[in-house]
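Each ligand, and each atom within it, is numbered from 1 in the order the structure gives.
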Amino acid sequence: MGTVLRVVGLIEKKRRGQELTEREIEFLIDGYMKGRVAEYQMAALLMAFCLAGMSASEALALTKAMLRAAKPLELRDVPGQKLDKHSSGGVGDKVSLVLAPLAAAMGLKVPMLSGRGLGHTGGTLDKLSSIPGLRTELSPHQMKAQLRDVGLFMAGQTEELAPVDRRLYALRDATATVASVGLIASSIMSKKLAEDLDALVLDVKVGSGAFAQSLPEARALAALMVQIGARMGLPTVAVITDMSEPLGRAVGNALEVKEALSALRGRASEDLMEVTLTLTAYMLHLADALSAEQPPQRLSAHVLKRYKDECMDYIEHGDAFARLLRMVDAQGGDAEALLNPSLLPRAEHVEPVEAPEEGYLQALDAYWVGQAALLLGAGRDRIDASVDVAAGLILAAKPPDELKKGQPLAMLHTNDPALLGPAKEAFLEGVRIGQRPPAPRRLVHEVLLSPQG
Ligand code: URA
C-alpha cells in the first residue's frame, strides 16, 4: 500500500474507534517528522484521538514514538539523584519557582524543563522571562554543567529534547485538540522521559482552572502518566491538587515571581505552601525510597509533616532563596532584582475590582480569574503570541473572607488601560458571594503511585 493510502487508512481506523498498534503509531509519528504525513493529516488524526479516545497502550506507544525522535539529556555522569516536578497546568501556579530551589538546597538535583503558558493557564518559562537578563535557552552542555555546580536549572525544552511535542503542541493549540487525556499524558511524559530523571513527581491539577475539570478526569490523567512512567522504568508519583481557585494571590508573570520570592523568604499564602511542601515532600521521599531500594509509599500524615518541617527549615534559614539566586546568576539573570523585587517589570495601570455586595466570598473561579489575567495581557491565546510580563492581578480577598460592599477583591495590573473593563467583567463572572462561609477547600485530593509502588 502507498504511504498516502496507508496514512488515510490509519486515520480512518482511529476515526472508527479502533485501537492503533505501536507500529502504526510509530509509522505515523516518524512519517510526520520526515514529511510523509502532512500537517492536515496529523490534525485529523489528533481530532480522531480526541473524539474516539485513546487507550493506555496507544498513549504509551505515542510517548515512545515521541521519545524515539528526541535526543534525550544524558545525566548519568552528574552525581546525585535527579528528580523533577511537573504540573499539568493551572492559574497562579508558581510552585516550581519555590520548589525547584528548595529541593536543590536539600540535596536533590533538579533538571527542570518548563513550558510557556497557554490560554488561561500560566507557564513557568513566561514567569522566568520577567527576570531581567535570565537565559532559559540552555544547551545540553550548559544544563549539565549547571546541574553539577548549582544543583538545578530551569530552562525551555529545546528542539532536540522535544521535537515532536513542539510541533504537535502548536498543532493541537490551533485545532482544539489540546484537551485529551491521552495526548496530554504523552506530551508531558515524553518531555519528562527526555530529562534522564531518576524519579518524577506530577502535580495533576483538578478544577475549573485546569485541563481536568473533575476528579475522575484528573484520576484518569494521573493514572495514565504514572502507568507510562512505570512502563518506561521511571518511578512516578502523581499528586492530584485543587485548581478550583488560583493558588496563592498573584496571577501573572512578574507578579507571581514576586510572590514566589516572598514564599522563599517564609511569607506565603497557606494554600501555596501546602501544595509546594507536599510535592517537595514526595520528591524527597522518592529519593529516599530509591536510596533504600524500596518502592515509594503513600505518606502518612506524620511522615509528611516531618518532610514538610524539614523543608521549612531550609526556607527559614534562607538556603532555598540563596539557591534561586545562584541559579539566576548562573543563567545570566539580574540577581539584584530578586533581592529588590521593585526592579522587576511593573505595569503602568493598577485598578481595583470591587465587591458588588456584602457577604462571604464563597468562590473565586480559577477559570475566570485566569481569563481576566489573560485579558490584561498576562497570557497568550496562541502558542506563538507574546505576553506582557508585568500584567496580571493580585487577589485582595480569597474564600472564605467576609466582604463589605465596595471592598477590593483584586488589583488589576496592565499596561493598556482599555483592557481593564473587559478584565473586570471576566473576573466578576468568577465571583460568588453568599450569606454563609463556604466549606473548607481541600487542596490535596489524592496521591497515585507507580503500580509496583
Ligand atoms: N502540558 C503539556 O506539556 N502538554 C499538554 O498537552 C498539556 C499540558
Name the closest protein heavy atom to [atom], giving the residue it belongs to and the distance to 0.1 Å.
atom                   : result
atom 8 (C) of ligand 1 : Phe211 CE1, 3.6 Å
atom 1 (N) of ligand 1 : Ile188 CG1, 3.8 Å
atom 5 (C) of ligand 1 : Tyr169 CE1, 3.2 Å
atom 3 (O) of ligand 1 : Lys191 NZ, 2.5 Å

Qualifying side-chain hydrogen bond (donor to acceptor under 3.5 Å, both in side chains) pairs with a residue from residues 320-335, counting only residues at least two apart or across chains:
Gln146-Gln331
What residues form a salt bridge (Lys or Arg N to Asp or Glu O under 4.0 Å) with Glu39, not counting sequence neighbours?
Arg167
NZ/NE/NH1/NH2 to OD/OE distance under 4.0 Å, Lys109 and Asp198
no
Would you mind checking if Asp196 and Lys82 are paired as a salt bridge, meaning a charged N to carboxylate O distance below 4.0 Å?
no
If only side-chain N and O atoms count, and only distance matters, is there a donor-acceptor pair under 3.5 Å linking Ser208 with Asp365?
yes
Ser87 versus Asp93, side-chain donor and acceptor atoms under 3.5 Å
yes
Are any of the N or O atoms of [X] closer than 3.5 Å to those of ligand 1?
X      : value
Ser88  : no
Ser187 : yes
Asp165 : no

